[in-house]
Amino acid sequence: MDQLKEPLLEFVPELVLPDDPQANDSALSMRQIRDGDRFLSGAYDYHRRKGFKCVVATHCVNVSVVVVSAIMTWIVLMDVDWHAIATHKPNQSTNVWRPSHGSLDSRYVGFVEALMVSMSMHGAIVLVEALKDISRMRHVRARMNEVLRLTDKQLRLMTWAELVHSILDADVVGVSSIQDSRYVPARITRKDNYIAALVQKNVLSVDVPWGLRWTGMGKHMTASQEWLLKNVIVTRALHNIETYRGDSDDHDVESMVADDSVLIRKYLVVAVVVLGVLGPFLSIGLVIQFALHNAENIYKNPSGITGRQWNRLARWRFRSPNQLQHTQTQHLERARVWGNAYVNQFGSFLISVIMQFFSFFFTACIAVLIGISVVGNDAVEIELIGGRSVIWFIGLFGALLAFTKGYIVPETSVMMPDTILEKTCQHLGVPVEEFPGGTNEEKCASFIGWFPNDIEDVVREVLGRLWTPWVLALVWYARTPRILRFIYKQTFM
């Protein structure tokens with residue numbers, strides 16, 4: 001019988017199945033190995049998320065965010081009278097609430113109602129996922145108390161390494177056979193390793209049309225694509241691998257690919273229909289939720305919304321074999337600091353000089369307005385231009401001032417992009433050749449594709465909600481056998 005392996009793994013325990021003629025009485029069945037993997041994955045998530053109460057609180061917050069976003073969206077689009085607010089005059093009483101919805105256009109009302117239905121469906125999905133995860137974590141808590149005799153308080157005070165040694169010392173079915181703690185990450189990241197391999201080997205790469213390359217969609221993975229890849233394609237393939245029995249001659253890989261392709265393509269067709277219908281509404285809901293989530297940051301520091309982060313696809317692209325999530329997060333955070341320094345090396349100094357002038361201009365305007373409000377002793381009632389008060393202009397110029405400061409590039413005394421890029425790649429764990437280009441400009445353009453600012457990332461996610469149905473229908477549907485063949489050939493030697 002063929003030996004099992006994992007894709008791109010450095011430390012993988014040899015699995016001996018009981019139907020192997022050479023297997024002995026201590027051999028583990030595939031079901032026991034699967035149960036052991038689930039226990040290890042659950043223990044890792046339980047430890048990383050600081051216990052059952054924190055898990056429940058996190059899901060309650062996530063569901064509440066969706067509910068509040070839907071309520072605020074309805075209030076903003078239906079109940080607030082924006083025309084009355086825009087035409088408000090000082091010393092004039094204005095009711096900001098719309099007296100009735102009868103004056104609204106029926107098409108507009110229908111659009112808002114459809115938006116609310118899509119947001120409600122999204123909330124229902126979030127709630128179901130939360131209940132499933134809470135049920136799983138409750139089972140993990142029971143197993144942790146039963147096997148390790150650990151309370152949540154004791155668990156929070158333990159390091160991950162200490163917890164691993166406690167698990168290996170305990171008699172856990174499917175885990176007790178592990179003799180080296182280095183094998184534990186391989187068992188936890190089994191599914192993640194397949195996804196990282198698919199991304200790193202460009203099996204999922206999409207050839208974006210020339211007219212849409214400016215959007216950067218070739219280096220972006222939407223949340224729905226990631227969910228389908230992890231919970232449909234890879235999960236189905238792993239289920240087939242776990243139930244694998246017999247010699248590979250009797251169970252041909254191509255027959256497994258053919259059987260699974262039919263089922264997965266059915267799921268993809270359903271996803272195309274659902275995302276095609278709800279995609280535009282989900283895109284609008286995403287923008288509204290982003291605005292509500294970042295409202296405080298935009299108010300305090302508008303330039304902060306242009307901060308850069310590694311996008312979702314980059315997290316899979318730069319993920320090392322067997323790398324746990326908290327370890328990758330630490331590496332990406334360190335690489336982000338150097339990544340910002342690298343991008344700043346090529347900042348537009350022309351725009352920076354122009355923004356320095358506007359920064360001075362807005363600062364001067366704010367100083368004059370503050371002086372007027374101090375002398376006039378009433379910043380709300382003093383009217384300046386177009387019926388707007390002093391306090392309104394102070395808020396406007398303050399926001400513009402903070403926004404312009406985000407585009408002021410700090411002066412660099414020494415230009416050393418190659419050194420900074422090497423430092424970034426060291427934390428990412430990838431070679432410098434990962435960002436190709438003959439010139440510094442080409443390298444920086446390739447680098448920024450994986451390292452967009454927050455606004456660019458949201459714009460790509462919004463466009464991705466419209467782009468995903470086409471990707472699933474035209475690329476993933478046709479490429480399903482190739483994806484499965486890659487997974488099986490990475491598994492069965």
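Everything numeric here is computed off the predicted structure, so don't read it as measured data. As a basis for the values below, the full set of heavy atoms in this structure was taken, side chains included, without hydrogen atoms, waters or symmetry mates. Heads up: numbering here begins at 1 and tracks the sequence.
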* Just say parallel, tilted or perpendicular for the rings of Y44 and H326, cut-offs at 30° and 60°. => tilted
* Asked: Listed by chain and number, what are the side-chain contact (heavy atoms from CB on, under 4.5 Å) partners of A341, not counting sequence neighbours?
  -> I420
* Asked: How many angstroms lie between atom NE2 of H331 and atom CZ of F318, to the nearest 0.5 angstrom?
  -> 14.5 Å
Ignoring hydrogens and angles, write down the donor-acceptor pairs under 3.5 Å from the side chains of residues 160-168, residues two or more places apart or on other chains.
residue, atom, partner, partner atom, Å
E162, OE1, T159, N, 3.1
S166, OG, E162, O, 3.0

* To do: May I have all residue pairs that pass salt bridge (charged side-chain N to carboxylate O under 4.0 Å, His left out) and include part of residues 326-342, sequence neighbours excluded?
  => E333-R336
* Structure fact -> Residues passing the side chain to side chain donor-acceptor pair (under 3.5 Å) test with Y46, sequence neighbours excluded, are D152
* Spell out, as yes or no, whether a donor-acceptor pair under 3.5 Å connects the side chain of S135 to the backbone of L131. => no
* Structure fact -> Output for pair (M137 CE, T58 OG1), nearest 0.5 Å, gives 11.5 Å
* Asked: Does CZ in F52 sit with more than 12 non-hydrogen atoms of other residues, nucleotides or ligands closer than 6.0 Å?
  -> yes
* Could you tell me whether the side chain of L263 reaches within less than 4.5 Å of the side chain of D259, counting heavy atoms only? => no
* Is there a side-chain contact between R265 and P481 (heavy atoms, below 4.5 Å)? -> yes
* Asked: Ignoring hydrogens and geometry, is there a side-chain-to-backbone donor-acceptor pair from Q328 to R315 under 3.5 Å?
  -> yes
* Counting only N and O atoms by type, is there a donor-acceptor contact under 3.5 Å from the side chain of R479 to the main-chain atoms of V203? -> yes
* **Test item: T468 side-chain N/O and G464 main-chain N/O as donor-acceptor pair under 3.5 Å** => yes
* Out of D192, I195, I483, which one pairs with V234 under the side chain to side chain contact (heavy atoms under 4.5 Å, CB included) rule? -> I195
* Structure fact -> Smallest heavy-atom separation, A130 atom then V63 atom, equals CB-CG2, 4.3 Å
* **Polar side chain donor-acceptor pair, E226 to W316, under 3.5 angstrom** => yes
* Taking all non-hydrogen atoms of both residues, which atom of L428 and which atom of A335 are closest, and how far apart? -> CD2-CB, 3.6 Å
* Any chance you could measure C425, atom SG, to W338, atom CH2, to the nearest 0.5 Å? => 12.5 Å
* Non-hydrogen atoms of P469 and V272 that approach each other most closely -> O-CG2, 3.8 Å
* Determine whether Q323 and P185 make a side-chain contact, defined as any pair of heavy atoms from C-beta on separated by less than 4.5 Å. => no
* Structure fact -> Closest non-hydrogen contact found for N440 with P417 is ND2-CG, 3.8 Å
* Residue of the set R460, E461, Q225 for which side chain to side chain donor-acceptor pair (under 3.5 Å) holds with H220 -> E461
* Results of side chain to side chain donor-acceptor pair (under 3.5 Å) for R317 - residues two or more places apart only -> N202, E434
* To do: Determine, step by step, whether H59 and I134 satisfy the side-chain contact (heavy atoms from CB on, under 4.5 Å) criterion, reporting the C-alpha distance in whole Å, the side-chain angles of both residues, the deciding distance to 0.1 Å, and the verdict.
  => CA-CA 8 Å; H59 284 301; I134 290 174; 3.7 Å; yes
* To do: Verify side-chain contact (heavy atoms from CB on, under 4.5 Å) between M144 and T151, making sure each step is shown before the conclusion.
  => CA-CA 8 Å; M144 298 285 282; T151 63; over 6 Å; no
* Take atom CH2 of W467 as the centre, draw a 6.0 Å sphere, and report whether it contains more than 12 heavy atoms from other residues, nucleotides or ligands. => yes
* Partners of T329 by side chain to side chain donor-acceptor pair (under 3.5 Å), sequence neighbours excluded? -> none
* Asked: Are the side chains of K219 and S446 in touch, meaning some heavy atoms are under 4.5 Å apart?
  -> yes
* Asked: Side-chain contact, heavy-atom cut-off 4.5 Å: Y342 with M416?
  -> no
* To do: Would you check, one step at a time, whether the test side-chain contact (heavy atoms from CB on, under 4.5 Å) holds for V432 with D418?
  => CA-CA 9 Å; V432 180; D418 292 337; over 6 Å; no
* **Check: T73 and M78 side chains under 4.5 Å, non-hydrogen atoms** => no
* **E456 side chain to N453 backbone, donor-acceptor under 3.5 Å** => yes
* Asked: At what distance, to the nearest 0.5 angstrom, does CD of E422 lie from NE2 of H427?
  -> 12.5 Å
* Are V55 and K50 close enough that some pair of their side-chain heavy atoms sits under 4.5 Å apart? -> no
* To do: Please answer whether the main-chain N or O of R141 pairs with a side-chain N or O of N145 as donor and acceptor at a distance below 3.5 Å.
  => yes
* When rounded to the nearest 0.5 angstrom, what is the spacing between CD1 in I188 and CG in L40? -> 5.5 Å
* Judged by modelled atom types alone, do T235 and K191 share a side-chain donor-acceptor pair under 3.5 Å? -> yes
* Structure fact -> d(F486 CZ, L204 CG) to nearest 0.5 Å is 9.0 Å
* Using modelled atom types only, decide if a donor and an acceptor are shared between the side chain of Q200 and the backbone of A197 within a distance under 3.5 Å. => no
* Taking it one step at a time, do L472 and Y477 satisfy side-chain contact (heavy atoms from CB on, under 4.5 Å)? -> CA-CA 6 Å; L472 298 181; Y477 186 89; over 6 Å; no
* Is R136 salt-bridged to D45, going by a charged N under 4.0 Å from an acidic O? -> yes
* Take atom CZ in R138; do more than 12 heavy atoms of anything else shown fall under 6.0 Å from it? -> no
* Asked: Any ion pair linking R49 and D133 (charged N to carboxylate O, less than 4.0 Å)?
  -> yes
* Is there a side-chain contact between R465 and L275, using heavy atoms and a 4.5 Å cut-off? -> no
